[in-house]
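Proteins get letters first, then strands, A, B, ... in listed order; numbering begins at 1 in each.
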Number of protein chains: 2
Amino acid sequence: MWDRSRCSVAGTLAVVGEKWSLLVLREAFLGVRRFADFQRILGAPKAVLTDRLTTLVDQGILRRVPYQAPGERQRHEYRLTQKGIDLHPVLVALMRWGDQYLAEDGDVPLELRHRDCGEPVHLALVCDAGHELSGAREVQAEPRVQAR
Amino acid sequence: MWDRSRCSVAGTLAVVGEKWSLLVLREAFLGVRRFADFQRILGAPKAVLTDRLTTLVDQGILRRVPYQAPGERQRHEYRLTQKGIDLHPVLVALMRWGDQYLAEDGDVPLELRHRDCGEPVHLALVCDAGHELSGAREVQAEPRVQAR
DNA sequence: GGGCTGGGTTCACTTGACGAACTCACTCGA
DNA sequence: TCGAGTGAGTTCGTCAAGTGAACCCAGCCC
């Protein structure tokens with residue numbers, strides 16, 4: 001077996017796995033940028049939110065951008081970096097599973113569409129030969145072979 | 001805007017977002033089934049592990065299956081249900097991001113291959129017209145329209 | 001009957017989350 | 001110029017959760 005302590009899953013969770021982090025990112029993907037909006041929508045304690053935003057900025061997942069609303073002093077808002085945008089599949093995967101197994105009457109699932117053609121979009125495992133796999137059972141995991 | 005408190009991402013995280021849960025599932029996908037193995041590989045405190053395994057079973061993500069090793073009394077092991085298997089994309093997404101941004105020298109990334117054709121596999125957003133989207137920017141999110 | 005083993009439970013301690021109250025810098029209106 | 005208002009925090013007492021070590025217990029073996 002291989003070394004699990006440095007597994008990428010554990011690493012990623014160490015960065016974005018704390019409470020509220022992924023919810024902050026979900027909101028960021030939906031266009032939320034300001035502290036007060038994150039706070040109002042999520043209902044997270046301000047202290048925790050401050051902490052999560054700072055770590056996300058430190059990790060290069062969000063960046064702080066100054067802005068000035070008319071009649072207000074300069075403040076800064078939080079925007080996704082490319083590194084943050086690349087977490088999109090994680091959120092889509094979490095959302096998909098929730099839609100599938102946790103939906104209740106009255107819930108309006110969020111639908112993702114291809115901006116270019118308008119068709120609904122789903123997450124899929126695709127192999128380099130172009131096959132779309134039907135599920136986890138078709139996947140074989142192994143450590144990448146390396147020269148020594 | 002729509003009601004975020006019942007968002008599927010939040011729902012899914014409420015179920016599998018506690019510390020250690022996703023790591024337990026990662027191991028489950030790699031074939032780990034017994035308490036002692038989870039404990040040894042993850043290094044999680046036994047009390048927490050007991051708790052996480054029970055909630056995962058209660059949620060129908062794992063199921064407890066009795067087994068008996070020769071010369072030992074009957075015990076039970078933990079196996080993924082379909083509901084658990086469907087969390088695969090979440091783990092793949094987390095792993096991919098970690099490989100991309102957190103890899104260090106000496107880390108051996110785990111490679112996923114299509115069992116049928118042997119080609120490497122990646123996660124992709126695919127629209128119903130068959131286009132493979134290049135990134136989150138090509139996605140448009142909106143609440144699904146519903147009759148009222 | 002005594003030791004071993006897997007799968008836990010208990011307990012004292014530390015870390016983290018929570019909500020309310022307080023702060024600070026700046027703007028606006030009187 | 002003064003005072004109220006606002007966004008973005010910080011501080012603080014309290015409570016929940018995670019941690020590691022020690023302990024337990026059923027069944028098997030010798």
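- Taking for each of A:Asp51 and A:Arg73 the nucleotide of DNA chain D with the nearest heavy atom, the 5'-most of the two is the partner of A:Arg73.
- The nearest whole Å value for the distance from the CD atom in B:Gln39 to the P atom in C:dT5 is 15 Å.
- OP1 and OP2 of D:dA17 both lie 4.0 Å or more from every side-chain N or O belonging to B:Trp20.
- The side chain of A:Lys19 lies closest to C:dC18, out of D:dT10, D:dG18, C:dC18.
- Taking 4.0 angstrom as the limit, B:His76 places a side-chain polar atom (N or O) nearer than this to OP1 or OP2 of C:dG8.
- Between the P atom of D:dG20 and the CG atom of B:Leu42 lies a distance of 13 Å, rounded to the nearest Å.
- Atom CZ of A:Arg64 is separated from atom P of D:dG9 by 6 Å (rounded to the nearest Å).
- When each of A:His88, A:Lys83, A:Gln82 is checked for a side-chain hydrogen bond (donor to acceptor under 3.5 Å, both in side chains) with A:Asp86, only A:Gln82 meets the rule.
- Using a 4.0 Å heavy-atom distance criterion, A:Val48 is classed as a sugar-phosphate-only contact.
- For the pair A:Arg34 CZ and D:dA8 C1', the computed distance is 12 Å after rounding to whole Å.
- The nearest whole Å value for the distance from the CG atom in B:Leu23 to the P atom in D:dT19 is 11 Å.
- Of all nucleotides listed (D:dG18, C:dG7, D:dT11), C:dG7 comes nearest to the side chain of B:Phe35.
- For D:dC28, one of the phosphate oxygens OP1 or OP2 lies less than 4.0 angstrom from a side-chain nitrogen or oxygen of B:Gln68.
- Taking atom CG of A:Leu53 as the reference point, atom P of D:dG9 lies 7 Å away to the nearest angstrom.
- Judged purely by distance below 3.5 Å, without hydrogens or angles, the side chains of B:Ser134 and B:Glu138 pair a donor atom with an acceptor atom.
- At a threshold of 4.0 angstrom between heavy atoms, the contacts of A:Tyr67 are confined to the sugar-phosphate backbone, with no base atom among them.
- On a pure distance criterion of 3.5 Å, no polar donor-acceptor pair joins the side chain of A:Arg75 and the base of D:dA8.
- Among residues two or more places apart in sequence or in another chain, the ring-ring contact (aromatic ring centres under 6.0 Å, His included) test is passed with B:His122 by none.
- Regarding A:Gln74, its CD atom lies at a distance of 10 Å from the P atom of C:dC26, rounded to whole Å.
- Here the side chain of B:Pro45 is nearest to one of D:dG7, D:dT19, C:dG7, namely D:dT19.
- Rounded to whole angstrom, the span from the CZ atom of B:Arg40 across to the C1' atom of C:dG8 amounts to 17 Å.
- Residue A:Arg52 is classed as a sugar-phosphate contact, given heavy-atom separations below 4.0 Å to backbone atoms only.
- Side-chain N or O atoms of A:Thr81 include one that pairs as donor or acceptor with a backbone N or O of A:Ile61 at under 3.5 Å.
- Remark: the backbone N or O of A:Val139 is paired with a side-chain donor or acceptor of B:Arg115 at under 3.5 angstrom.
- Closest to the B:Lys46 side chain, of the nucleotides D:dA22, C:dT27, D:dG20, is D:dA22.
- Between the side chain of A:Arg113 and the backbone N or O of A:Gly118 there is at least one donor-acceptor pair closer than 3.5 Å.
- Counting only heavy atoms from C-beta on, A:Tyr78 has its side chain closest to D:dG9 among D:dG9, C:dG19, D:dG18.
- Between A:Ala47 and B:Glu77, the residue whose closest nucleotide on DNA chain C is further toward the 5' end is B:Glu77.
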